[in-house]
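I have placed the structure first, in the form of C-alpha cells, so that the comments after it can refer back to it.
Here the structure is a predicted model, which means the values were calculated and not measured. Indexing begins at 1, ligand by ligand and atom by atom, following the structure's order.
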Amino acid sequence: MTENKGTTVRQISSQSAGGPSSKRPKKRHVDLALDSVTKRLLEQSAEAEQSFYQMEEQRLQAEDHRREAEHARELHMLQVLGQMFSSIATRNPVATATANTAMPPALNTMESNMQPGVPMSASGQMRRGRSCHRRVRSPQSQAEWPSYHSQPQSNAGLVLERSFSLGTAARRGMDDILPLVKNIVPPLTSKKHKGQDGRIGIIGGCQEYTGAPYFAAISALKVGADLSHVFCTKAAVTVIKSYSPELIVHPVLDSPNAVEEMEKWLPRLHCLVVGPGLGRDEMLLKNAKEVIEKSKARDIPIVIDADGLWLVAQQPSVIQGYQKGILTPNYMEFTRLYEAMHHEPLDSSDHQRSAMELSVAMGNLTVVLKGEEDLITDGNKVILCRQEGSGRRCGGQGDLLSGSLGVLAHWAYTSSADMTKSVNPSVVAAFGACSLTRQCNRQAFHKHGRATTTTDMIQEISSAFKKLFES
Ligand SMILES: NC(=O)C1=CN([C@@H]2O[C@H](COP(=O)(O)OP(=O)(O)OC[C@H]3O[C@@H](n4cnc5c(N)ncnc54)[C@H](OP(=O)(O)O)[C@@H]3O)[C@@H](O)[C@H]2O)[C@@H](O)CC1
Ligand SMILES: Nc1ncnc2c1ncn2[C@@H]1O[C@H](COP(=O)(O)OP(=O)(O)OP(=O)(O)O)[C@@H](O)[C@H]1O
C-alpha cells in the first residue's frame with residue numbers, strides 16, 4: 001500500500017513537472033502493480049475455491065463410505081428378516097397368502113399404468129380396477145426397491161418390511177439415481193438442430209407474478225432446453241420479455257380464445273410446466289385446465305407446481321392417473337392436496353407414508369414433496385434427496401426446480417429403459433431437478449450468504465450441473 005501511495009505521489013509530481021514522455025513509464029508502473037495485485041487476489045480466490053471443493057470432495061467421499069457400510073448392514077438385516085419371514089411363512093402358509101392378496105396391486109409393480117378414474121378409498125388404497133402393469137419387477141429388483149405395504153399395523157412383519165424398505169430406498173436413492181440422471185443428459189453434438197434437446201412450455205405469469213414463470217423458463221434454458229416458451233396474460237408479457245430476450249413469450253392466457261391459441265403450440269412442445277405465477281383467477285385456471293387436457297392427449301410430461309397444484313386440489317381428475325404427470329408441492333401445497341384427496345387431516349408424523357398415499361390416490365403420479373429433504377415417490381418407493389443446500393429460503397427456488405424438471409423429464413422420457421435402468425423416468429428426472437436446485441442454492445449461498453436470491457441461484461446452474469451430472 002505504502003509503495004502504491006508513493007508511486008501515485010511520484011506520478012502526480014512528474015505530471016506537473018514534465019511532459020507526456022516522462023508520464024508514460026510511471027503510469028505503466030502503476031498499472032503493472034495493480035495488475036499484479038489483482039492477479040494475486042484472483043489466484044488466492046481460485047486457490048480458496050479449489051481447496052473448498054477438495055475438502056468438500058473428501059467430505060462427500062467419507063459420507064459415501066459411511067452410507068455404503070450402513071447399506072451393507074441393512075442388506076444383511078433384510079436378508080436375516082427375509083429368512084425369518086419365509087420360515088414363518090412355511091410354518092403358516094394361510095397367513096402369508098392373506099397378506100399377499102391384501103397388497104394393493106399398483107404398489108407391487110415398478111411402474112403401474114393406472115387409468116384415470118380408478119376408484120380410490122380414503123386411505124389411498126386402490127380398489128381392484130383396470131390397472132395395467134407395464135414392467136413387473138424381477139425378484140432382484142424387488143430386493144432393490146422393496147414395496148411399500150400400507151397394511152394393518154398389527155402385521156408386524158409387513159410393517160417392519162415397510163420401515164426397512166423406506167430406509168434402504170432412501171439411501172439407495174442418493175447413490176443409485178444420480179448415475180441414471182447422468183445417463184439421460186443428451187450429448188452435445190454438432191449433428192443436432194435447434195429444438196432437439198427440448199422445447200419447454202411454461203403456463204403462468206399474470207399481473208401479480210412475473211418472476212415465477214421467468215425463473216422457471218430461464219432455468220429450463222440454462223439446464224439445456226433449446227427453446228423456452230411462456231404462456232402468460234397480456235399484463236405480464238412485456239415485463240417477462242424485458243427480463244430476458246431469450247424467452248419466447250405469448251400473451252394468450254387471458255385472451256378469449258386462449259386454449260385455441262395455446263393448443264397451436266402444443267405439437268412443438270416436449271414438456272409443459274403448469275403453475276408458476278399462474279394466480280388463482282377462475283378463468284386462468286379454467287384455461288390452464290383445458291391445456292392440460294390437450295397436452296395429456298399428446299402424451300408429453302406435465303409438471304404441475306404452485307397455483308397449478310391449487311387447480312389439482314380443486315379438480316384432481318385433471319391429472320389423476322396420467323403417468324407422465326409430476327406434482328411438485330411444498331408442504332403447504334402438499335397438505336392441501338392430501339386433504340382434498342383423503343378428506344381427512346394430514347398426519348404430519350410420517351411424511352413418507354403420506355406422500356406415497358397421495359401418489360397412489362392420484363394414480364401413481366410422481367409426487368415431489370419439497371422441504372428440508374426432498375421426498376420423491378411414485379407410490380411404489382420413496383427416494384430422498386438430501387443434497388446439501390443452505391438455510392436461505394428466498395422465493396422462486398421452487399420455480400427453478402419446476403423449470404429444470406421440465407427439461408429433465410423430457411430427457412428421461414426420451415431415453416431408453418436401459419439408460420434409466422427401468423426406474424420410472426419421472427423419478428429420475430425429479431431426483432435430478434431436486435439435486436440441482438439444492439446444489440445451486442448451496443453454491444449461491446457460498447458466494448452471497450443472506451443476500452442470496454433466486455437470480456443468484458440461476459447463475460449457478462451451469463457449474464452445479466457440471467459438478468453433479470458431468471463429472
Ligand atoms: N417472484 C415471483 O414472482 C414469485 C412468485 N411466486 C408465485 O406466487 C404464487 C403463490 O405462491 P405461494 O407459494 O406464495 O402461495 P401459497 O400457496 O398461498 O402459499 C403461501 C403460504 O404458504 C405458506 N407456506 C409456503 N411454503 C410453506 C412451507 N414449505 N411450509 C409451510 N408453509 C408454507 C406460507 O404461510 P405463512 O408463512 O404465511 O404462514 C405462505 O403464506 C404462485 O403463483 C407462485 O408461483 C413464487 O413462485 C415465489 C416467487
Ligand atoms: N428446509 C429446507 N432446507 C433445505 N432445502 C429446502 C428446504 N425447504 C425447501 N428447500 C429446497 O428449496 C427448493 C424449493 O422448495 P420450496 O419449498 O422453497 O418451494 P416453493 O415454496 O414451491 O418455492 P417458490 O418460492 O418458487 O414458490 C427445493 O429444492 C427444496 O429442496
Side-chain angles (χ1 to χ4, degrees), residues 173-174 202-219 223 230-233 235-236 239-240 242-244 253 273-281 284-285 288 303-314 326-340 346 348 351 354-355 367-376 383-406 408 429-445 452-458 460-461 464 468:
M174 293 296 282
I202 313 289
I203 308 249
C206 60
Q207 172 102 34
E208 293 85 356
Y209 307 122
T210 52
Y214 160 76
F215 291 145
I218 198 79
S219 299
V223 164
V230 177
F231 300 90
C232 62
T233 66
V239 183
I240 299 175
S242 73
Y243 295 150
S244 163
L253 200 49
V273 180
V274 185
L278 177 61
R280 291 178 192 165
D281 176 273
L284 300 187
L285 291 175
V303 177
I304 306 201
D305 187 30
D307 297 317
L309 296 170
W310 174 266
L311 168 65
V312 174
Q314 315 298 310
I326 309 175
L327 310 180
T328 57
N330 62 27
Y331 187 66
M332 177 67 116
E333 292 155 346
F334 178 78
T335 308
R336 225 180 263 138
L337 285 169
Y338 184 95
E339 292 179 357
L346 172 69
S348 57
H351 288 176
S354 306
V367 173
V368 182
L369 171 54
K370 300 173 289 190
E372 190 172 352
E373 50 185 23
D374 294 332
L375 206 151
I376 302 160
I383 294 169
L384 301 185
C385 177
R386 290 169 167 160
Q387 187 73 34
E388 197 179 329
S390 81
R392 178 73 173 123
R393 300 269 68 79
C394 53
Q397 300 184 31
D399 307 316
L400 192 165
L401 192 154
S402 59
S404 317
L405 180 50
L408 289 163
F431 186 80
C434 290
S435 312
L436 181 70
T437 308
R438 296 170 75 99
Q439 178 68 19
C440 287
N441 179 266
R442 179 186 181 184
Q443 291 182 197
F445 186 76
T452 301
T453 61
T454 299
T455 303
D456 301 322
M457 287 171 59
I458 288 168
E460 297 299 321
I461 290 178
L468 291 174

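Under the 3.5 Å distance criterion, the side-chain polar atoms of Glu333 are matched with a main-chain donor or acceptor of Asn330. Within the 3.5 Å criterion, the main-chain N or O of Gln387 finds a donor-acceptor partner in the side chain of Arg438.
Here the shortest heavy-atom pairing between Ala313 and Leu337 reads N-CD2, 3.7 Å. Between Ala464 and Cys440 the shortest heavy-atom distance is CB-SG, 3.8 Å. Heavy atoms only, all atoms of each residue included: Thr233 and Cys206 are closest at OG1-CA, 3.3 Å. Among all heavy-atom pairs drawn from Leu278 and Ala288, the shortest one is CD2-CB, 3.9 Å. Counting all heavy atoms, side chain and backbone alike, Arg386 lies closest to Leu384 at NH2-CD1, 3.2 Å.
Counting only heavy atoms of the protein, atom 23 (O) of ligand 2 lies nearest to Gly398 N, 3.2 Å. Taking atom 21 (O) of ligand 2 as the reference point, the nearest protein heavy-atom neighbour is Asn330 ND2, 2.9 Å. Annotation: atom 19 (O) of ligand 2 to nearest protein heavy atom, Lys370 NZ, 3.3 Å. Nearest to atom 28 (C) of ligand 2 among the protein's heavy atoms is Leu401 CD1, 3.7 Å. Shortest contact from atom 12 (O) of ligand 2 to any protein heavy atom: Gln397 OE1, 3.3 Å. Regarding atom 7 (C) of ligand 2, its nearest protein heavy-atom neighbour is Gly371 O, 3.2 Å. When hydrogens are left out, the protein atom nearest atom 4 (C) of ligand 2 is Arg393 NH1, 3.4 Å; that is the closest non-hydrogen contact.
The closest approach between any non-hydrogen atom of Gly396 and ligand 2 is below 4.0 Å.
The shortest N or O to N or O distance between Asp374 and ligand 2 is under 3.5 Å. Of the N or O atoms in Gly395, none lie within a sub-3.5 Å distance of an N or O in ligand 2.
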Counting only pairs under 3.5 Å, give me each side-chain donor-acceptor contact of residues 207-217, with atom names and distances, residues two or more places apart or in other chains.
{"residue": "Thr210", "atom": "OG1", "partner": "Tyr243", "partner atom": "OH", "Å": "2.7"}

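Taking every heavy atom of Thr437 and a limit of under 4.0 angstrom, the matching atoms of ligand 2 come to 29 (O). Interface atoms of ligand 2 facing Asp399, defined by a heavy-atom separation under 4.0 Å, are 26 (O).
In this view, Asp399 satisfies the salt bridge (Lys or Arg N to Asp or Glu O under 4.0 Å) rule with no residue, not counting sequence neighbours. Looking at residues two or more places apart in sequence or on another chain, you find a side-chain hydrogen bond (donor to acceptor under 3.5 Å, both in side chains) between Asn441 and Ser390, Gln397.
Proximity of Ile461 to Ile218: side-chain heavy atoms (C-beta onward) are nowhere separated by under 4.5 Å.
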Return a table of N or O atom pairs, ligand 1 on one side and protein on the other, at distances under 3.5 Å, rounded to 0.1 Å.
{"residue": "ligand 1", "atom": "3 (O)", "partner": "Gly211", "partner atom": "N", "Å": "3.2"}
{"residue": "ligand 1", "atom": "3 (O)", "partner": "Ala212", "partner atom": "N", "Å": "3.1"}
{"residue": "ligand 1", "atom": "17 (O)", "partner": "Arg280", "partner atom": "NH2", "Å": "3.1"}
{"residue": "ligand 1", "atom": "17 (O)", "partner": "Arg336", "partner atom": "NH2", "Å": "3.1"}
{"residue": "ligand 1", "atom": "18 (O)", "partner": "Arg280", "partner atom": "NH2", "Å": "3.2"}
{"residue": "ligand 1", "atom": "26 (N)", "partner": "Asn330", "partner atom": "ND2", "Å": "3.4"}
{"residue": "ligand 1", "atom": "43 (O)", "partner": "Gly277", "partner atom": "N", "Å": "3.0"}
{"residue": "ligand 1", "atom": "43 (O)", "partner": "Asp307", "partner atom": "OD2", "Å": "2.4"}
{"residue": "ligand 1", "atom": "45 (O)", "partner": "Gly277", "partner atom": "N", "Å": "2.9"}
{"residue": "ligand 1", "atom": "47 (O)", "partner": "Asp399", "partner atom": "OD1", "Å": "3.2"}
{"residue": "ligand 1", "atom": "47 (O)", "partner": "Asp399", "partner atom": "OD2", "Å": "2.8"}

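Remark: of the listed residues Thr437, Thr328, Asp305, Asp305 is the sole one forming a side chain to side chain donor-acceptor pair (under 3.5 Å) with Ser402.
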